[in-house]
Amino acid sequence: MEAVSSHEGVQRLRRAEAARYSSRIEDSLKRLEAPPDPQFGELTSSFCFEVSKNLGIKPIELAEEIVERIDLSSSRLVGEVKAEGGGYINFYAKIADLASLAINSARHLDQAFGTVEAERVERIVVEHTSVNPIHPIHIGHARNSVLGDSLARILEARGHKVSRHYYIDDVGRQSAIVAYGYNLLGRPKPEGKPDHFIGTIYSLTSCLLEIKRLKGEIESVKGTHDKERLTRLQQSLDEWVSVAADLESRHPELFSKLLDAMEKIENPEEEVSKLIRGYEAGDEEAKLLIREVCQICLEGFRQTLKRAGITFDSWDWESSLLWSGEISECIKRLKETPYVFYEGGVLEFDAEKVARVLKLKRSLGLREEYEIPSLTLTRADGTTLYTTRDIAYSLRKFRGADRVINVVGMEQKLAQLQLKLALYALGYSEEAGNLVHFAYNMVRVPGYRMSGRRGRYVTFDEVMDEAVRRAYEEVSKRSPHLDEGLKRRISELVGVGAVKYAFISTDPAKPVTFTWERVLDFERNTAPYLQYSHARACSILRRIGEVVEDVEADYSLLREPVERSLILLVAKFPEVLVEAAENLKPNTVAEFAYTFADRFNAFYAALPVLKAEPRGLRDGRIALVDAVRIVLRNSLRIMGIEAPERM
RNA sequence: GGGCCCGUGGCCUAGCCAGGAUAGGGCAUCGGCCUCCUAAGCCGAGGGUUGUGGGUUCAAAUCCCACCGGGCCCGCCA
């Protein structure tokens with residue numbers, strides 16, 4: 001049996017045909033495209049439209065002329081060529097031969113079917129999720145996690161060595177606030193899920209600090225006659241007081257305990273600052289406290305991510321960059337470049353100058369007139385800022401990687417640009433060129449703005465809970481005969497799959513509005529639909545006693561249009577994964593999987609498999625169903641979604 | 001003010017980077033299909049100025065320009 005992937009098959013088909021014509025036509029044939037409809041064949045060329053004007057011939061006449069001269073006698077996979085549609089040259093595949101190649105490849109390669117190793121295998125770091133360890137992963141972060149994880153899987157399918165990194169932002173004010181509150185509460189043992197517990201402490205502490213700060217500020221402004229500012233502050237205070245009331249009603253005990261503790265403190269704000277400084281300086285007490293709080297929260301993240309099937313190879317602490325001296329080293333080296341300057345006591349990085357001097361604007365997709373804002377590297381007190389630390393972190397990531405992909409919201413576009421320019425400034429042009437900002441748009445929740453400080457967010461956990469609950473209802477209704485344990489397992493992977501698919505299947509560039517309807521849909525273009533299709537294929541295969549040998553399958557009997565399109569889709573699968581990897585587009589995999597499942601279900605409804613006659617047709621269909629099973633399972637795996645054998 | 005992203009039937013969405021044949025789907029609506037491998041399914045119907053206006057082209061949802069609407073960024077926040 002031929003262990004050639006069908007992707008190679010298609011390439012071979014293209015090369016074989018292309019080699020036969022003049023160079024001009026050859027160029028065009030290398031760009032053969034898929035026609036919009038199967039009635040126009042499997043490959044098409046619009047070459048005749050391009051050149052007909054210059055030649056003074058009608059496109060269709062030219063097309064007919066060319067078709068005349070094509071000799072297909074030695075062609076393995078092309079059965080027919082026609083001039084159609086006013087000038088298109090359409091190629092029709094020898095479906096039996098293509099079926100044999102595609103189906104046998106799929107069944108032989110099995111798990112590996114669809115993976116086409118890249119010409120150059122790269123070591124790639126995909127940094128994603130990286131939620132600050134101060135509150136649970138919410139639905140907006142979930143989009144990041146799911147996209148990042150599927151990107152990693154897609155790149156692995158291209159043979160790249162992928163490493164998934166989680167950047168733990170434990171340095172700075174937010175971590176200090178939650179640690180401070182946690183300490184005031186007497187370092188309590190977490191109640192409930194650890195990250196939710198930490199999230200509560202964070203909003204409580206943050207809210208009480210904010211109210212105290214606003215009150216103080218209002219007092220000092222009262223003396224002046226800045227009425228406008230006073231009104232603004234008062235509004236802000238009113239808002240936070242109502243946030244406090246809301247938090248108090250949800251967490252009465254913690255609220256009063258923290259309030260009591262904080263009232264005894266003269267200047268809590270100063271203590272938080274002290275904690276920040278202590279942590280940055282590596283003070284043991286501060287380290288113990290903040291790390292403890294982060295670990296509690298991260299434990300919650302691990303639970304959530306594990307449930308979602310998302311894993312990491314490396315958990316990178318931002319603080320370790322600080323303590324190891326990597327950040328100060330990085331700043332020192334930046335200072336040696338001509339691209340930094342002091343302004344009012346703070347160190348600034350002149351991103352604009354780097355772009356101008358190294359003539360990078362065009363390649364970065366920027367207009368010449370656009371002036372890139374400078375980046376503040378250090379505060380007046382000498383402490384660093386987030387993006388500054390990210391420069392050092394990028395260098396660390398590049399120590400073990402040829403390419404670094406940061407899955408970061410598009411609102412950080414400018415910061416990511418400045419980061420890249422900093423690498424150029426430091427002389428790491430190659431690294432800078434291989435630093436990718438994979439940007440995705442926001443997830444909005446209708447009705448309110450998510451806010452960690454206000455304790456307002458829809459968590460990834462509750463979304464999965466609800467989806468699984470719904471899935472359980474469905475499973476119980478549709479498959480009451482299954483035993484309880486199996487029902488639970490199936491609803492788990494169906495519910496989680498539905499949520500993940502909802503994010504993977506939409507273009508990352510588009511903003512999405514979170515609605516339950518969106519993630520709880522179990523019909524049609526959803527993960528459950530794909531999983532159901534897979535289960536159906538498995539169900540057929542389960543009923544065959546013996547293994548079907550390829551020799552008994554007669555692929556020339558697979559003549560129905562729906563069989564034809566399924567076969568072509570099996571053959572196309574490897575190309576889809578290549579395209580998804582080259583363009584970093586997870587949603588193309590979802591798109592393909594849906595189309596594929598749709599065709600399979602049409603096939604399933606229209607044609608018998610096990611009862612098909614004669615034997616050659618039956619076995620051919622069984623082999624096709626097996627290939628379908630493999631393609632569906634592999635597609636789902638690429639998206640990080642489980643493929644159940646029954647549901 | 002400057003920059004970036006988004007704009008496709010009532011709602012959601014694919015195609016846009018690498019322009020080609022009647023703009024694919026899904027939800028909702030309506031009408032059919034379980035003596036046959038799982039009906040989370042299948043088949044069919046209606047519903048569109050692809051935000052608007054120009055331009056390039058034999059050909060524009062796709063490329064270019066302008067404008068409109070929505071979002072984001074331009075912090076000694078992350």
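Letters A, B, ... are given to chains in the order of the sequence lines, protein chains preceding strands, and every chain is numbered from 1. FYI, side chains are in, hydrogens and waters are out, and symmetry mates aren't considered; it's all heavy atoms of this structure.
With a cut-off of 3.5 Å on both Watson-Crick or G-U wobble distances, the partner of B:U56 is given as none. Using the Watson-Crick or G-U wobble rule with both distances under 3.5 Å, B:U62 pairs with nothing in any strand shown. If you check B:U29 for Watson-Crick or wobble pairing at under 3.5 angstrom, you find it paired to B:A45. Base pairing of B:C72 is made with B:G3, judged by Watson-Crick or G-U wobble geometry with both donor-acceptor distances under 3.5 Å. Look at B:C16: it lacks any Watson-Crick or wobble partner with both distances under 3.5 angstrom.
Summarising the local packing, CD of A:E352 is surrounded by more than 12 heavy atoms from other residues, nucleotides or ligands at distances under 6.0 Å. Within 6.0 Å of atom CD in A:E642, 12 or fewer heavy atoms from other residues, nucleotides or ligands are found, so the atom counts as exposed in its surroundings.
Ring pair A:F596/A:F592 is parallel by interplanar angle, where below 30° counts as parallel and above 60° as perpendicular. In this pair, A:Y529 and A:Y594 present their aromatic rings tilted. The plane angle is within the 30 to 60° band.
Here the separation of B:G25 from B:C43, taken at their P atoms, is 11 Å to the nearest Å. The gap from the C1' atom of B:C6 to that of B:U50 amounts to 14 Å, rounded to the nearest Å.
Distances were taken from every side-chain heavy atom of A:N441 (C-beta onward) to each of B:C5, B:G41, B:C72; the shortest belongs to B:C5. Across B:C43, B:U13, B:A40, the shortest atom-to-atom separation from the side chain of A:R478 is found for B:A40. In this structure, the nucleotide among B:C17, B:C76, B:C42 sitting nearest to the side chain of A:N583 is B:C17. Comparing atom distances between the A:R518 side chain and each of B:C37, B:C76, B:C12 picks out B:C12 as nearest. Among B:G26, B:C12, B:A40, the nucleotide with an atom closest to any side-chain atom of A:R524 is B:G26. Nearest to the side-chain atoms of A:N587 among the listed nucleotides B:G71, B:G15, B:A21 stands B:G15. Nearest to the side-chain atoms of A:I540 among the listed nucleotides B:C37, B:C77, B:G41 stands B:C37. Distances from the side chain of A:K585 to the nucleotides B:C27, B:G15, B:C4 place B:G15 closest. Which of B:C43, B:A21, B:C65 sits closest to the side chain of A:P35 comes down to B:A21. Residue A:R536 places its side chain closer to B:G41 than to any other of B:C27, B:G71, B:G41.
The aromatic ring of A:Y532 is not stacked on the base of B:G41, since the criterion of ring centres less than 5.5 Å apart with planes inclined by under 30° is not met.
Remark: P of B:U13 and CD of A:E591 are 13 Å apart, rounded to the nearest angstrom. Taking atom CE of residue A:M410 and atom P of nucleotide B:C74, one finds them 13 Å apart after rounding to whole Å. As rounded to whole Å, 15 Å separates atom P of B:A39 from atom CD of A:E474.
Side-chain contact between A:E80 and A:N90 is absent, with no heavy atoms from C-beta onward closer than 4.5 Å.
For a distance-only test at 3.5 Å, the side chain of A:N90 qualifies as a donor-acceptor partner of the base of B:A21. Between the side chain of A:S505 and the base of B:A14, no donor-acceptor pair of N or O atoms lies under 3.5 Å.
In this structure, A:H135 has its ring center under 6.0 Å from that of A:H141.
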